[in-house]
Amino acid sequence: MIDKNSPLPIYYQLENKIREMIDSEELKPGDTLPSERDLSEKYDISRMTVRHAINNLVHEGYLYRQKGKGTFVSQKKFEQNLHGLTSFTEDMKLRGLKPGNKLLNFNTIAANEHVAKKLAISPGDLVYKIQRVRLADDNPIAIETNYISTDLLPDLTTETMATILSGSLYDYAESKLNLKIENAQQIIEASVANDFEIEHLHLEDGDPILLIERNSQLSNGTPFEFVKSAYRADQYKFIIDIKRNK
Ligand code: GLP
């Protein structure tokens with residue numbers, strides 16, 4: 001219940017209450033949230049306070065609004081364990097979702113200094129720049145931009161690449177080219193979606209995203225790819241297993 005004498009703000013108590021109902025599955029993904037009026041009457045608090053709590057939960061991704069229809073409980077965030085070096089396709093299949101891709105750009109460009117350093121090549125060497133929207137059950141989840149040395153994937157035309165990239169890049173590299181992707185370093189940071197991400201990930205101004213950079217290497221130590229991804233922060237969370245060494 002809401003404790004009006006508590007030092008915790010009332011909107012925050014309501015937020016916790018709704019969050020608990022979602023976590024305990026009293027409210028399930030897709031369920032309609034009771035109206036602002038119902039909640040304000042039930043807890044005897046102002047509609048403005050209710051709106052404040054709901055706005056925060058929408059921002060955190062627990063709830064989403066549909067114009068003219070109401071406020072609903074979001075699907076649970078995708079969880080990705082950062083333990084293994086998996087591909088997007090594998091991650092989605094593990095969750096029982098259909099992986100998909102929308103190829104935005106594919107060109108051969110001269111590597112700039114940053115990309116060259118990540119791929120251990122010289123600035124000016126040719127790399128493929130591949131930009132894809134990654135989909136789960138046809139919904140956009142991330143935008144991914146890969147840089148791969150043209151030496152590793154020889155003689156690719158736009159048509160062949162389009163076929164390869166409608167499936168899994170890792171699968172193509174491993175089963176067709178016998179490359180062994182073995183290690184990667186990954187950096188994750190929070191940001192706010194830019195206009196390009198807003199458009200392709202169906203976001204709104206001010207929505208948060210998770211920026212991920214991956215630099216992976218083959219078993220012989222050769223860098224395989226340098227990748228920048230922007231994931232929808234309302235749909236994705238990362239899990240890390242940690243161990244205390246004393
Ligand atoms: C993940 C990684 C990328 C990698 C991609 C390969 O999304 N963040 O670094 O390039 O998987 O995915 P797929 O094999 O499905 O094309």
Side-chain angles (χ1 to χ4, degrees), residues 77-109 111 114-121 127-153 156 158-191 193 196-197 200-201 209-219 221-240:
K77 289 189 180 184
F78 297 117
E79 295 181 351
Q80 187 185 337
N81 201 312
L82 290 174
H83 207 60
L85 176 45
T86 50
S87 71
F88 184 88
T89 303
E90 289 164 344
D91 289 341
M92 293 307 127
K93 282 187 177 163
L94 268 175
R95 298 189 184 98
L97 300 168
K98 183 183 79 171
N101 296 298
K102 190 172 143 205
L103 186 58
L104 295 178
N105 286 301
F106 168 59
N107 21 53
T108 309
I109 58 165
H114 185 61
V115 170
K117 200 164 164 202
K118 295 284 181 186
L119 296 179
I121 55 177
V127 292
Y128 292 121
K129 180 180 174 187
I130 301 158
Q131 196 164 49
R132 293 184 286 177
V133 180
R134 315 296 321 249
L135 313 164
D137 280 353
D138 298 326
N139 297 313
I141 300 294
I143 300 177
E144 222 158 47
T145 312
N146 291 52
Y147 298 89
I148 302 181
S149 165
T150 53
D151 290 346
L152 285 178
L153 309 179
L156 285 178
T158 313
E159 289 71 38
T160 4
M161 202 54 169
T163 319
I164 295 165
L165 296 178
S166 61
S168 162
L169 177 66
Y170 276 20
D171 186 44
Y172 173 77
E174 291 174 333
S175 36
K176 295 280 180 319
L177 303 177
N178 285 321
L179 300 176
K180 195 167 180 318
I181 304 163
E182 199 168 88
N183 297 301
Q185 300 73 45
Q186 210 157 262
I187 302 171
I188 304 178
E189 67 183 304
S191 188
F196 188 73
E197 291 151 358
H200 291 289
L201 296 177
I209 48 162
L210 290 164
L211 293 178
I212 302 169
E213 272 191 18
R214 180 185 284 185
N215 203 182
S216 61
Q217 296 88 34
L218 302 174
S219 54
T222 308
F224 172 64
E225 58 171 359
F226 172 55
V227 186
K228 289 179 173 194
S229 318
Y231 279 78
R232 285 183 60 137
D234 62 336
Q235 303 211 354
Y236 233 83
K237 62 179 167 190
F238 293 91
I239 300 174
I240 310 174

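Remember, it's 1-based here, ligands and their atoms both numbered in the order they're listed. Only heavy atoms go into these numbers, but all of them, side chains included; no hydrogens, no water, no symmetry mates. Please read these numbers as outputs of a predicted model, since none were measured by experiment.
For Tyr128 and Tyr147, the ring centers are positioned 6.0 Å apart or more. The distance between the ring centers of Tyr172 and Tyr170 does not fall below 6.0 angstrom.
Annotation: salt bridge (charged side-chain N to carboxylate O under 4.0 Å, His left out) contacts of Arg214 (sequence neighbours excluded): none. Qualifying side-chain hydrogen bond (donor to acceptor under 3.5 Å, both in side chains) partners for Ser219, counting only residues two or more places apart in sequence or in other chains: none. With sequence neighbours left out, Glu174 forms a salt bridge (charged side-chain N to carboxylate O under 4.0 Å, His left out) with no residue at all.
None of Leu152, Ile148, Leu119 except one satisfies the side-chain contact (heavy atoms from CB on, under 4.5 Å) rule with Val127; the exception is Leu119.
For ligand 1, the protein residues placed under 4.0 Å by at least one non-hydrogen atom are Ser87, Phe88, Thr89, Arg132, Arg134, Glu144, Asn146, Ser168, Leu169, Tyr170, Arg214, Glu225, Val227, Tyr231.
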